[in-house]
Amino acid sequence: MNASLTKDDPVVARPQGTERLAPESVRNGEPFTVFYGPGVGDIFVDSTGRIRSMEQSLWRMLRSAGFERIVFSTLQDPVYFRDRASWDRSRRPARRTSGAADRSGAGGMYHAGLRGPLGGMQLLGSASAAEPDRDPATGAGAARASGISDPFGVMTLTAHLRSTTHRTAVVFPHADEFLLHNRAPRQLAGALAEWAADGVEGNQWILVFNRPSLGRVAEFLAQLGHCPQLETFVTERRAEPARGGTHRIELPQRPELERLVHSIRLRKGLRVEWRDLDRVVRGMAGQPQTARVWRERLHHLRESERTLDRDSVRDWLGGSVADERTAWERLAAMPGTEELVRRFDGLRAEVAASEELRARGRASRTDPPSRHLVFTGNPGTGKTTVARLVGEMYRDVGILERGHCVEAKVSDLVAGYIGQTALRTDALIDRALDGVLFIDEAYELSDQRDGFGSEAIGALLKRMEDDRDRLVVVVAGYPDKMTELLDANPGLRSRFPETNVVPFPDYDPDILQTTLLNRLEQIGLRTEADTARTLRQIVEGMHLTRDKTFGNVREMRTLADAIHARWAVRVGRDVERPVRADDIPETYRTHLPRPAPGPEHLLAGFDQYVGLGSVRAELTALTQRLQMRQERGTKAFDPPHLLFTGPPGTGKTTVARQFGKLLHAVGLLRSGHVVEVTRTDLVAGYVGQTAPLVRAAVERAVDGVLFIDEAYTLVRDAGGNGGFGPEAVDTLLREMEHRRGRLVVIAAGYPDDIERLLDFNDGLRSRFTVTVEFPSFSPEELEEILCRMAAEDGYVVTGDAMQRARRYLEAKRGTHPRSFGNAREARKLLEIMEGRKAARWSAGDKGNELLPEDVPDPEEGRAGDGLPDGMGWPV
């Protein structure tokens, strides 16, 4: 800047101010200072306890910063002053001009370089004539000029700034409205541009925008369109905050709020409970509210003749303010948080040690380590509650100033149009500054379409860097999805190091039971011992069958509320009656153990099948064992994984389906459904795709049976040919361990193939504890199977036809002993016989008998699967 102030700054009295508007916020050497933030338009409580308006506080701050003349401008009053000194320094004696009348007398606002339609006419009279706006604290008056035009107002303000006699600030306390509605936009834009390029160093334009963030100011100026120089200034400062020229006016902190309480106490008679005052003020400072809101609330307390204490502010601050315990103690009281307590105790020790090292001069000021956290776990495990406590604990150790928690979903960050996501994210972060931004289900950022999730991540990363001393971000979600999110973005992974990932495991049945009983007690219900034992069984069942959507503590609250509803219907007004097992809804009673039926009843479903003697023996032993445990009152065992060995067609798939139903009937599996897969369902052709296929199949089979036919084919490519079968086996083993008690895996195949599979991985042999053999059917059993199949279709096989069929099947077995399909071959033969029967039916034979001529020649069975007489019936 070419021009500069030529007069030494005089010693000026420093008015009392506030922490939010410190003189340091106006940096010398800048053409503009832009104010914004949530505190714009608020009231301010200065160090003397007096409540000031925004304008009064600005004047005091600028005077403390060394400005001798402070000029204000709004749409209503284009030029006005709040103090006599500024007004006096703006007056000049009217000058005589050629041909003009004598205008000596009272001073006027005239500048040597100012030319306009009013010439040397006096604009502002004396303070008394102008009816000044008095500052009750200082007696400073104001002089206003409301009748001048916008172009002349801009000229007047520019002339004041161009003066080098007194250090001058021109203040627009409502810059949004002034820039939007001023009727001289061209003159104003030109004045701003000329000033930025060649102004008087030390003088400044002060613009106050009622916008929560600098991003919103930039957005407003871009939409305005006629102040490009100011828009460029704000955009550059937004990209480089350290350059200065902008200042965010914050919400009040604890010292100012304490002064506000005492101001209303002394001037308005507010009653205060002294022992609660520190806790209450600390709670007030933890809320993102303006001083204006707090003043209205405190006035309401006084008017209602209530005392300011922890109970009267409960509605404003929540229940924590009434809790005598510190945030650390509340965390320790939460179930299952022992590891979290150790982690935050370590943080407290780390901060204390760092402060001591700096105090002894043994540590230099460095960038603080990352304090951002990742919470991983299922719903209802306390992530949101702990996030709120993190803010308080970080505040207590000095990491955060306020410690409030702003809770958000991904939808709060992501917009549907280009450019809006960054603004929305910035606005959310502005609310969270000096506290915690908690983003639940944050993994959804990577699922957003059209790249808006990436835009939100970019804006979040920038603010985490720019505001690293004022912001802690906590992201939460399911463990696997959060890992995928962090791994997909190196910037996120660097801000959230592995040491800052905090797991929240599902609560165990003991904690869930305690939570449930506590909830019932809080509602006012009494629970007797028998009912508590029944509820324990239900809780254990819910815990055993949980999936990733299981709500943990939330589920217990839901159950307690459901019990309360049924109990209330039963007892009416007789509320002294305790909760009974009948008050538990039926949907929850399915978790109660059921007496195991006798083996005869359970295995009745196998009576229709032929040749399953060894199978029935294994299943009988299993059901007898479970029945014995129930009679002894001991806990049921986890259902075993099984190997079904035998040639094709011996009933392995059929028995697997029945086995799932059996395990469900005895209560070892919640569902008992069967998911049937082969190699093609589990093994992919590309790196990294096999494990997800296996996990997906297991997920479908949870609480039921996963049946893998021809299981040996999983590792048939394990001889160094680059196959992915071994990956499938490794993933399956991990899932079998992880899903213990909720998954039964049945692997089926030829006996020697199953042995090779077990030899491939020792872990498989230890997981599959039961082997069920399915031997080939004898000729007599095949005859019985054929007979039963024919009877199901309404046919009768004659004796001669059965003899011929037996010879046909034996010939088939002799030709292909390894691939002989047993019951499948019987089904194929029946289909051939039915085809030949159909030819006789067309010729008039309407009987239901299958005759010897319907059976192919045994030699045809020895030759293969070809059909006689050119028939096209499938074999």
Side-chain angles (χ1 to χ4, degrees), residues 600-617 619 644 646-659 661-662 676 773-875:
E600 298 79 11
H601 177 74
L602 283 173
L603 300 176
F606 291 93
D607 292 341
Q608 59 181 312
Y609 303 113
V610 176
L612 297 179
S614 60
V615 174
R616 290 176 62 92
L619 297 182
F644 284 3
T650 50
K652 296 187 293 295
T653 303
T654 300
V655 171
R657 294 169 184 164
Q658 291 294 327
F659 190 64
K661 297 178 182 177
L662 184 148
E676 302 174 26
E773 296 180 358
F774 289 75
S776 292
F777 293 127
S778 67
E780 293 77 15
E781 290 171 337
L782 288 175
E783 288 181 15
E784 179 64 23
I785 290 171
L786 180 62
C787 231
R788 292 189 180 188
M789 288 180 177
E792 288 177 359
D793 292 339
Y795 299 116
V796 175
V797 183
T798 65
D800 291 340
M802 184 59 72
Q803 290 296 323
R804 188 177 174 87
R806 178 173 181 172
R807 291 197 297 274
Y808 175 87
L809 293 172
E810 283 300 299
K812 191 80 171 177
R813 191 203 301 267
T815 304
H816 304 288
R818 179 172 176 81
S819 62
F820 180 68
N822 289 280
R824 295 177 194 168
E825 299 295 345
R827 169 58 68 186
K828 291 179 182 179
L829 175 58
L830 179 61
E831 291 171 351
I832 295 172
M833 294 169 67
E834 186 179 38
R836 294 190 173 190
K837 167 68 178 177
R840 292 190 294 105
W841 182 278
S842 299
D845 183 359
K846 305 298 184 182
N848 63 348
E849 292 183 337
L850 297 174
L851 304 177
E853 55 265 34
D854 297 330
V855 182
D857 188 86
E859 294 300 321
E860 296 179 27
R862 187 174 291 112
D865 292 334
L867 291 177
D869 303 328
M871 295 178 62
W873 200 266
V875 177

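As a basis for the values below, the full set of heavy atoms in this structure was taken, side chains included, without hydrogen atoms, waters or symmetry mates.
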Trainee: Where is the tightest heavy-atom contact between Thr650 and Pro647, given as atom of each residue plus distance?
Mentor: OG1-O, 2.8 Å
Trainee: What closest approach, in Å, do Thr798 and Pro852 show between heavy atoms, and which atom pair accounts for it?
Mentor: OG1-CD, 3.8 Å
Trainee: Is any side-chain heavy atom of Met789 closer than 4.5 Å to a side-chain heavy atom of Ile785?
Mentor: yes
Trainee: Of all heavy-atom pairs between Pro779 and Arg806, which one has the smallest distance, and what is that distance?
Mentor: CB-NE, 3.4 Å
Trainee: For Ala656 and Phe644, which heavy atoms make the closest approach, and how far apart are they?
Mentor: N-CE2, 3.8 Å
Trainee: How close do Tyr808 and Pro856 get, heavy atom to heavy atom, and via which atoms?
Mentor: CE1-CB, 3.8 Å
Trainee: Decide yes or no on salt bridge (Lys or Arg N to Asp or Glu O under 4.0 Å) for Glu825 and Arg813, but give the supporting numbers first.
Mentor: CA-CA 9 Å; Glu825 299 295 345; Arg813 191 203 301 267; over 6 Å; no
Trainee: In Å and rounded to the nearest 0.5 Å, what is the OH to NZ distance from Tyr795 to Lys837?
Mentor: 7.5 Å
Trainee: Under 4.0 Å between a Lys/Arg side-chain N and an Asp/Glu carboxylate O for Glu792 and Arg788?
Mentor: no
Trainee: Kindly say whether Asp845 contributes a backbone atom to a donor-acceptor pair with the side chain of Arg840 at under 3.5 angstrom?
Mentor: no
Trainee: Answer whether the closest heavy-atom distance between the side chains of Leu830 and Leu850 falls below 4.5 Å.
Mentor: yes
Trainee: Flag the pair Arg807 and Glu810 as a salt bridge only when some basic side-chain nitrogen lies within less than 4.0 angstrom of an acidic carboxylate oxygen.
Mentor: no
Trainee: Asp854 pairs by side chain to side chain contact (heavy atoms under 4.5 Å, CB included) with which of Met833, Glu849, Arg804?
Mentor: Met833
Trainee: Could you list the residues that satisfy ring pair (Phe, Tyr, Trp, His ring centres under 6.0 Å) with Phe820, not counting sequence neighbours?
Mentor: none
Trainee: Just wondering, more than 12 heavy atoms not from Glu853 lying within 6.0 Å of its CD?
Mentor: yes
Trainee: Would you give the length of the straight line joining atom CZ of Phe774 to atom OG1 of Thr653, rounded to the nearest 0.5 angstrom?
Mentor: 9.0 Å
Trainee: Check Ala801 against Val855 and note the closest heavy-atom contact, atom names and distance.
Mentor: O-CG2, 3.7 Å
Trainee: So how far is it from Glu784 CD to Met802 CE, rounded to the nearest 0.5 Å?
Mentor: 8.0 Å
